[in-house]
Structures are given as C-alpha cells and as structure tokens.
Amino acid sequence: MLTEQSRLLTGLNPEQQRAVVTTEGPVLVVAGPGSGKTRVLTHRIAWLIEEVGTSPDQILAVTFTNKAANEMRSRINRLLGDGSTNGLVMGTFHSLGVRILRQNPGLVADRIGLLPNFMIYDAGDQLDLAKDSLKTLKLDPRQYAPRRMLSGISKAKSHLLSPDELADLTATHDDELVVRVYREYERELRAANAVDFDDLLALPLRLFDADERALQRYQEQFRYILVDEYQDTNKVQYVLITALAGRWNNLFVVGDPDQSIYGWRQADITNILNFKNDLPDTTEIHLEVNYRSTRHIVQAADRLIRDNTQRIDRAIRTDNAEGEPIALRELADQHHEAQFIVGEIRRLVSIGAYTGDNVAIMYRTTAQSRVLEEAFRVTDIPYRIVGGVRFYERREVKDVLAMFRLLHNPFDRLSFERIVANMPMGRGFGPRAQETAQVWADSRGLTIVDAVIASVPGALGAGLDRPDFSGPGAAAERIGGAFAVLRERAKSISLAEMFDVIVEHTGYRESLKHTEDDLDRWANLLELRADLERYESVDPAEALNAYLEQVSLIADVDSMKDDQQGQVTLITLHSAKGLEFPVVFISGVEEGLLPISRALETESFDTTALEEERRLFYVGVTRAKNLLYLTYAANRMTYGRYQSGVPSRFLQAIPAELVRESSRAASSRSGVSSGRLSGIDRGMLASQVTTTTVSASGLNDRPTPKLVIPSFVAGQRVFHPKFGDGQILEVLPRRDDLEVVVAFVRVGTKRLMASLARMDIVE
DNA sequence: TTTATCCCTATTTTT
DNA sequence: TAGGGATAAA
C-alpha cells in the first residue's frame, strides 16, 4: 500500500511518514527546529486530500501567521496541482475566530449585541480605549498604567473570565481596579460596535454556548484539524480547538515546547506538555533530526536549551557537516556592534559567499533596530525591517483609516476622536463640543456622526431637531457638512477614490505640505492609496469591510515578501520564529537584554521568565543554517545613558570548542590582550576596562555623574518605589556593584542591583 | 481651544 | 533619547 502511495512520502524519514499517515485520532508531533515540520504538515494535508479522499473544506489548518498559511497553501498546490486547496480552511486562530463570527451574524447580534459591521480594535486602539476607560472612571492613568490594566484585561479574557468572574478572584486593591476598568472597557468596546483581539477567540465560544447547533455544524464540517506552533496556544485557543475537534477527534498538533516564547501573551506551555493526558489514545511522534543547521549550531543549541527545567527531555541531532564555528564577538558599544555586523555582511557578500537576502540580524527589542538601520543607511546594502513601527500603525495611516472605519461603523467613537484631534477638519471642536454631540446622539439612539451632520441647517429631513452647540457652532457645522459629503460619496466610489475625497475634504492633504516630515507622511499615505487600489474590482459595499479586516489581522512577518532580492532582514527574535536564514546575527547578547532585565527581576522566586528568555535565544540560534554570529556590546546606550554590559549568561552554556571568539574592538580600545580567557571572562574584563576609561577620561569638569550607592546592610528596612516596603536579607558584592536581597512585604523576595534599584533606606 | 514648553518615564516581545 | 502628557499662557 505504501509503495503505491509513496509519492507523498518520498524523501520523508520514517517518523515524518508516520506523522503524515496517522490520520485518525489525536496526534502530537514534537518537532525540533529544522526537523521538517512544515513538510509534514503540507504532506499530511495533501495526503488527506489525495489518499484519504477528504474534501478540502473538511480540513481546518491553524497556523501562527498568515504568511505560514499562505506558504503552506502554495506548497500543497505544488504537490497536488493548482486549485486543489480550494475550500481548505487555513489561517490563524484569530482569522478563524472572525470567520466564525462573520458567518453567524444573527447569533452575534442576538447574543453579543454586535452589528455585522463590527470593527476589530488593534493594540493601539485597545490602549486608547483603556485610557478612555480610566478617564471615565476618573482614575489617574499615572497611578494605574493603562498598559497594566490592559494586560490584566487580556489575561482575564484569555482565561475566559468575564469581569464578574474576575471579580470573584481578586485579592488586592489593584486587582479590583482592573475589574472596574475591564467592565468599563467592555462597555465602551460594545458601544463602539467593536471587538478586540482576545474577543476574536472568546466570542466564538460564547456563541457556541448560546447555540449548540452552531458548534455542531463546525464540528461536523471539520473532520481533520491541524494546529501548527501548538506550544504557543493559550487557554482560549485550547478550548476552542478541542471543542471543534469534539465530533471526529482527529486533532493533529505540531509544536516544540523549547520554542514556546509567548508566555507573556498567555500562551500556556502546558497545553502541549499535557496534550496526551488530556486526549487519551494520542499518538506521539518525535521529530529530532535537524536538516537545517550545521552540527556546530545544532550542538550549541542543544547544550543551551538543556539548562531549562520545564521541558520534555530529548536531544536534537543532525547528519549535516560540522560547519564553521560560531562567531562570538564583543564590541565597544552599539554603534561598533552595528558597524561590525554591516561590515561582516559586506564582506560575505563581496566575496560572493552569500547574498544579502541570505542574512538576518536578530535582536531582542525593536529599539535595537534603529542603530542597525543607521549603519545600513550609509552603505549600499539594501535591508528591510520586519516589525518596528508597523505601516498600519503610523499616525497618518491610522488617521485616514480612522475615517474609513468611522464611515463603515459610525459607532466607532475612538475613530471619531482621532479624526477630530488630528485632522484640520476637526479644529475648534473640542471635548466640550464632543460631549454635547455625544449626549445628543445617545438620547436619540443615533451616532456622533449623525449629531454633527444634524447640526448643519437643512442637512437632515424635517422632524429632527438640531443639537445645541452653545457658542459658535461653526466647527460642528463644518464637520457635519464634510461628513455628509463623505458619507454620501462612500456609497458609490472605490476605496482609492474615497481616499482622495477624504484627504481633500478633511483638509488633511493640505496640512501635509509643509515640512520634510510632512512629505514622508504623504508618501506613506500614497502607499496606503496604492494598497487600497488592490480592492478596485471588489464591490464597494464589500470592499471596505474586507479591507479593514485584512488590515487588522495582518502580522509583521505577513508583509515580508520572499522575492526581495539582496535585502538583509532585520527582525526581532519573536518574529523570527519559523523562519530560517543561511546567515544569522544575533545582536545584544547581554544580560539585561537577553535575558531581558524584566525577566531577571522575577528570577529569584520564579525561573519561568528566565527560561522563556533562554528559549527565545534558542529560537534565534536555530534559525541559522550555516553561519551564526553572536555579538554583544561592552557599553550600550539605554534610556539615553551608557551602561556597561555583561555578556549573557546563556553564552556560558555553549561549549568553547564550538566557538571562535574575538574581541578586536575591545583590545584595540583598551589594550586587553588575548590570553586564555574565555570569551565571557574577557568580555567582563573588557567592560570593566572600558567603563573605567570612560569615567577616567573626565568627559567634562563636572563631577562624574556616577550614582551614589547607599550603604546597604542586612536587616535594614528599605523602601522601593515599585515594590514598596521591605527588609534587606543579604548584601553581596558584585564587581563594581552590590546585589541586595530584599524581602518585600507586598511582592516577596527579590534580588536587586544596588546601583539600579532606586531604593531608599528607611530610618 | 490651541499651542508651547517642560517633565517624566519607559522598551520587552505581537495576533 | 524620545514621545506622551500635564501645565501654563494666549
């Protein structure tokens, strides 16, 4: 039988084949990096269609990004022929959620109270909404950071907790505030006829609770379900997918616990660790052969990840050649680091060994991309930055999109506020006028847009009164007039034409003609217009909805094109998951950055965060096929201050024989000669030397702005601005600093660096 | 209501 | 360092 069907199994190893043909029942595939999991997924889907005879629309495949979905689809088409994936449901969890909500407009209206044209609020919108909610509740946003509130809300939603349910679980005063904000946030969200990202996952389940038949229809339809990157699913996603698989029980998940890097987004690693306990009769398959990287890289990665405790113990191995040693390099500061990387890329390209698009530079924080970009700007090497300030999140783009959104969903108060605040059209229309308009609208069950339009004499038919804007109502009338025109035109013209009408009638075009900055912004808007033209052929009534939805669900990597010849990729470690490059640079491999300082703060009582940082580094390392460079800076500017850096602890795990380290920059600066020091020792030495150099050079006549470290002694009572009251348990000398172990009343024991913690001794 | 200026804090990571 | 937000002045 297998010989006959072997076309789809050719070139697969026995384990991969097993993963392809085990079609019935739950299957867990633990797939190490570079072990061919995408291949398994595509071949399995092809197998289901061709060999099992499943209709594509009975298959649901969930991927982490749209890009991954598109790639898989085209790979299957290549295997089975064009059009063979028609009907196949493939996309991210979020797009699946939208799909379910859009397919059940009646239920959505009845049970959730959302109109069919509901908007999806992105991260920025969510933040604005959280701020709004705080304001409504008269809470000080400085004391209760909107981001904190938001993460509390998101966490609750990811665990399927309503505000009331969350209220039952609150322990502290802060928690109670989260509940209050959550409640208000939900109210405003619904009033705006909008949902947030978390809702896209949770609301389908609400729907299913309300109407079991809806669930049954999907259960019946999806005979085979596949989930990629399963290690990064959260509770809601788990509940949703197991619900959908309830009828046929053919749930196939692929993942790697060692690559779980979204814990902060409530990803729950236990989903994959407990999969076989949750679903009896699971077939478990391990893919451990790495086909991607050189042996040096694979060995380094393997050693590195073994330091984690929360994992399935296993090895990754490869038959690939040994390859070059891993290059470890210390640089004097972030500028030297960037220059070294760019110079090295130039070298690799000029000797013809690699092209620019073979190369990726990865980093922990998006802020690091700036220095790199500056270094590239003065060269002729093309580059692209994945992520960073996203196109659709640029101010000017959001402004114009806000108008589109408002026209599509006039309940969208956030967009209204945005327009009035940022476009010339809104001048003179302040909070007070807005309040008047809102009150007028609310009392009549109309929208704020209706209110301003009604203020125009004769704009609406007789019978409707005009809102009373005390003082000069000129602004309201002007805005109302513009809205009336826009609303009317929107009905009949294409999106691109609508763009022209919007920038004209709002005065926005006119306002972007003055500075250099304006030109940049206008250029971005033209790009937006070009983007809108893609919807030229779509029915205008449909086009807007489709476009807005596409915009809100797009991910950074989704917009990555594969045919960017010669461009070097600059990307965060998170976004790099699932990708591979012949040459990889990981920059900023320093304590405080990788692992990020935030993870270190919690280290003493919980290593979870630290382990996730290690996995993140592991993900980066395993992206490299042939060459891997690790760089760190002895000094780095953070918050506008130079701080000396210590090489990441993760480097210590990598066996010396796999590494070729050099620190030319350090030795040329401070004369540290190469001895038998390991890279790490030398790095620490160099950083000390450089620090001394900087302060000794007496940059100016003012006293060195070195922080005065209070003389902490065990037993002292202290106060920390963030952690509150505590008592010092222990004081440990650390190079040029002190490490203080403090038992805080509120947050437990923490280890802090004395020079960094703004902690006072309480007399 | 708008604009200028100053101060303060924050940077993880993203669907 | 930079961007947001508060405050003051017009």
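Keep in mind the model is a prediction, meaning the values are calculated, not measured. Note on naming: letters A, B, ... go to the chains in the order of the sequence lines (proteins, then strands), and numbering restarts at 1 for each one.
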Can you tell me how far C1' of dT14(B) sits from CG of Asn66(A), to the nearest Å?
-> 13 Å
Tell me: CG of Asp196(A) to P of dT15(B), nearest whole Å?
-> 15 Å
Determine, answering yes or no, if Phe93(A) is stacked on dT15(B) under the 5.5 Å centre rule and the 30° plane rule.
-> no
Any donor and acceptor pair, going by atom type alone, linking the side chain of His574(A) with main-chain N or O of Ile261(A) inside 3.5 Å?
-> yes
Find the distance Phe197(A):CZ to dT14(B):P and express it as a whole number of Å.
-> 12 Å
Euclidean distance, atom CD1 of residue Ile261(A) to atom C1' of dT13(B) [Å, nearest integer] = 8 Å
Select one nucleotide: of dT14(B), dT2(B), dT11(B), the one nearest the side-chain heavy atoms of Arg427(A).
-> dT2(B)
For Arg370(A), report the nucleic acid contact type (base, sugar-phosphate, nothing); a contact means any heavy atom under 4.0 Å.
-> sugar-phosphate
Using a cut-off of strictly less than 4.0 Å, decide whether Ser575(A) has a side-chain nitrogen or oxygen near OP1 or OP2 of dT14(B).
-> yes
Counting heavy atoms from C-beta on, name the nucleotide in dT15(B), dT14(B), dT11(B) closest to the side chain of Ala123(A).
-> dT15(B)
Respond yes when some side-chain nitrogen or oxygen of Lys577(A) is under 4.0 Å from OP1 or OP2 of dT14(B), and no when none is.
-> no
Consider the side chain of Arg598(A), meaning its heavy atoms from C-beta on, and name the nucleotide among dT14(B), dT11(B), dG4(C) that approaches it most closely.
-> dT11(B)
State whether Glu549(A) and Arg99(A) are salt-bridged, where the test is any N-O pair (Lys NZ or Arg NE/NH1/NH2 against Asp/Glu carboxylate O) under 4.0 Å.
-> no
Most 5' of Leu553(A) and Gly428(A) on DNA chain B, judged by nearest nucleotide = Gly428(A)
Whichever of Gly640(A) and Gly426(A) has its nearest DNA chain B nucleotide further upstream toward 5' = Gly426(A)
Would you say the side chains of Asp531(A) and Tyr547(A) form a donor-acceptor pair under 3.5 Å?
-> yes
Note: Lys577(A)-Asp232(A) ion pair, threshold 4.0 Å (strictly below) | yes
Would you say the ring centroid of Tyr262(A) lies under 6.0 angstrom from that of Phe64(A)?
-> yes
Salt-bridge contact Asp125(A)-Lys398(A) (side-chain N to carboxylate O under 4.0 Å) = yes
At under 4.0 Å between heavy atoms, what does Arg147(A) touch on the DNA or RNA strands: base, sugar-phosphate, or nothing?
-> sugar-phosphate
Rounded to whole Å, the CZ-C1' distance (Phe64(A) to dT14(B)) equals 7 Å
Integer-rounded Å distance: dT15(B) P and Lys67(A) NZ = 13 Å
Quickly work out the Glu612(A) CD to dT13(B) C1' distance and round it to whole Å.
-> 9 Å
To the nearest Å, how far apart are Leu201(A) CG and dT14(B) C1'?
-> 13 Å
Between dT1(C), dT13(B), dT15(B), which nucleotide has the shortest distance from any of its atoms to the side chain of His94(A)?
-> dT15(B)
Which one, dT13(B), dT15(B), dT11(B), comes nearest to the side chain of Ala367(A)?
-> dT11(B)
Roughly how far apart, to the nearest Å, are dT11(B) and dA6(C) at atom C1'?
-> 22 Å
